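Data first, discussion second: the structure below is written as structure tokens.
Fair warning: this is a prediction, and the values are worked out from it, not measured in the lab. All ligand and atom numbering here is 1-based and tracks the order in the structure.
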Amino acid sequence: MLAQIKGKLLVSCQALPNEPLHSPFIMGRMAKAAQEGGAVAIRAQGVADIQEIKKITGLPVIGLIKRNYADSAIYITPTIREVDELLATGCEMIALDMTNRKRPNGESMQSLVARIKKQKVEVLADISTYEEAVQAVQYGVDAVSTTMVGYTDYSNLSIGPDFALIEKLAADLTIPVLAEGKINTPEDLAHVFAAGAYAAIVGSAITRPQLITKKFAAVIQN
Ligand SMILES: CC(=O)N[C@H](C=O)[C@@H](O)[C@H](O)[C@H](O)COP(=O)(O)O
């Protein structure tokens, strides 16, 4: 999959049960629209959405499952259970949180990575710091993504992408660095590629109308 996305745009089509567009049918159509707009792959959450998106678009999918566990702050593909559910979907790549935080059930990142790679599926490490990215490379992941920057209480809280981190990772790492998280405009997208991103994933700015509307409404209410 990585060879197919080099230099390209991926779109994240996700809507959890508490979001207005929560529905595999709707996420399938959202992915179709993204495909028509030029997305070469889709990041999708949950077995039903992944299956629908693969059926509707035929595009490669980065799959994840968001699930909360009482004993951990990690919710993106936290345990073996989510890994096995995702492996059954046939998604080409699996994204898992690889931030340096306690995992549910005391499971290790290494065991999850090994299980995925054994099935010849690529692993995308969602990280929030430079150090977490370096650690993920040591664990044998295929690519890292800046997904969690600003979402761990020790990482850089910025309005937009962390361009400096993307630049440093792209310069230092031997594996692809995907820019993801808070890419809010086409200018941001151009900027992350200029910083050296291998590929980029845009979500909310394209697929969460409730957030897009909020940005417009905020201007009027000011
Ligand atoms: C923090 C977290 O859980 N991020 C999730 C990761 O799968 C998604 O909800 C994001 O939409 C995706 O990463 C794209 O980011 P943005 O929506 O900012 O373009």
Side-chain angles (χ1 to χ4, degrees), residues 5 8-22 26-27 30-31 33-34 37-47 49-50 53 60-69 72-78 82-83 85-86 89 91-101 122-129 132-133 136 141 143-163 165-166 177-193 197-215:
I5 65 172
K8 304 283 192 206
L9 169 66
L10 292 76
V11 171
S12 173
C13 300
Q14 300 183 46
L16 289 176
N18 65 333
E19 297 183 74
L21 301 188
H22 177 65
I26 295 175
M27 286 300 108
M30 190 66 89
V40 299
I42 303 293
R43 181 173 167 120
Q45 191 289 136
V47 171
D49 288 12
I50 292 168
I53 288 168
V61 168
I62 300 176
L64 63 120
I65 290 176
K66 288 179 178 177
R67 190 168 281 148
N68 295 314
Y69 284 81
S72 171
I74 288 175
Y75 59 85
I76 296 179
T77 318
E82 289 78 37
V83 164
E85 287 176 37
L86 288 167
T89 68
C91 61
E92 287 74 6
M93 185 179 279
I94 291 177
L96 59 149
D97 181 308
M98 290 189 72
T99 60
N100 213 1
R101 301 180 291 177
E122 291 176 309
V123 182
L124 179 65
D126 288 345
I127 54 93
S128 72
T129 66
E132 289 170 349
V141 303
V144 299
S145 187
T146 58
T147 315
M148 298 305 288
V149 175
Y151 295 96
T152 57
D153 57 17
Y154 50 81
S155 60
N156 176 20
L157 190 57
S158 56
I159 302 288
D162 186 337
F163 300 109
L165 176 64
I166 293 164
V177 175
L178 275 60
E180 180 177 1
K182 306 176 189 173
I183 299 176
N184 296 317
T185 64
E187 292 72 22
D188 283 346
L189 184 68
H191 195 163
V192 300
F193 278 113
Y198 179 89
I201 302 176
V202 178
S204 306
I206 296 172
T207 62
R208 288 198 168 105
Q210 71 275 23
L211 299 183
I212 300 167
T213 307
K214 203 169 180 180
K215 283 186 181 167

Atom 17 (O) of ligand 1: the protein heavy-atom neighbour that sits closest, reported with distance to 0.1 Å = S204 OG, 2.6 Å
Could you tell me whether D126 and R43 have a side-chain N and a carboxylate O separated by less than 4.0 Å?
-> yes
Distance filter under 4.0 Å to Q14 heavy atoms, resulting ligand 1 atoms | 6 (C), 7 (O), 8 (C)
Residue, atom name and distance, where the atom is the protein heavy atom closest to atom 6 (C) of ligand 1 = R43 NH2, 3.4 Å
Would you say I76 has any N or O atom under 3.5 Å from an N or O of ligand 1, going by distance alone?
-> no
Note the single closest protein heavy atom to atom 15 (O) of ligand 1, along with its residue, its atom name and the distance in Å.
-> G181 CA, 3.7 Å
Kindly indicate whether a cation-pi arrangement holds for K182 with Y151, taking the cut-offs as under 6.0 Å to the six-membered ring centre and within 45° of the axis.
-> yes
Atom 18 (O) of ligand 1 - nearest protein heavy atom and its distance = K182 N, 2.7 Å
CD1 of I50 to CD1 of I65, rounded to nearest 0.5 Å, is 6.5 Å
Which of the atoms of ligand 1 are close to Y151, meaning less than 4.0 Å from one of its heavy atoms?
-> 1 (C)
Tell me, do L178 and V144 make a side-chain contact under 4.5 Å, heavy atoms counted?
-> no
State whether the number of non-hydrogen atoms from other residues, nucleotides or ligands found under 6.0 Å of I159 atom CD1 is greater than 12.
-> no
So which heavy atom in the protein is nearest atom 4 (N) of ligand 1, and how far is it from that ligand atom?
-> T147 CG2, 4.1 Å
for atom 10 (C) of ligand 1, nearest protein heavy atom and its distance come out as R208 NH1, 4.0 Å
Side chain to side chain, L16 and E19, heavy atoms closer than 4.5 Å = yes
Roughly how far, to the nearest 0.5 Å, is NZ of K8 from CD1 of I201?
-> 15.5 Å
The salt bridge (Lys or Arg N to Asp or Glu O under 4.0 Å) partners of R67 (sequence neighbours excluded) come to E82, E85
Would you say ligand 1 has an N or O under 3.5 Å from any N or O of K66?
-> yes
heavy-atom search around atom 13 (O) of ligand 1 in the protein gives E180 OE2, 2.6 Å
Among protein heavy atoms, which sits nearest to atom 3 (O) of ligand 1, and what does the distance come to when rounded to 0.1 Å?
-> Y75 OH, 2.7 Å
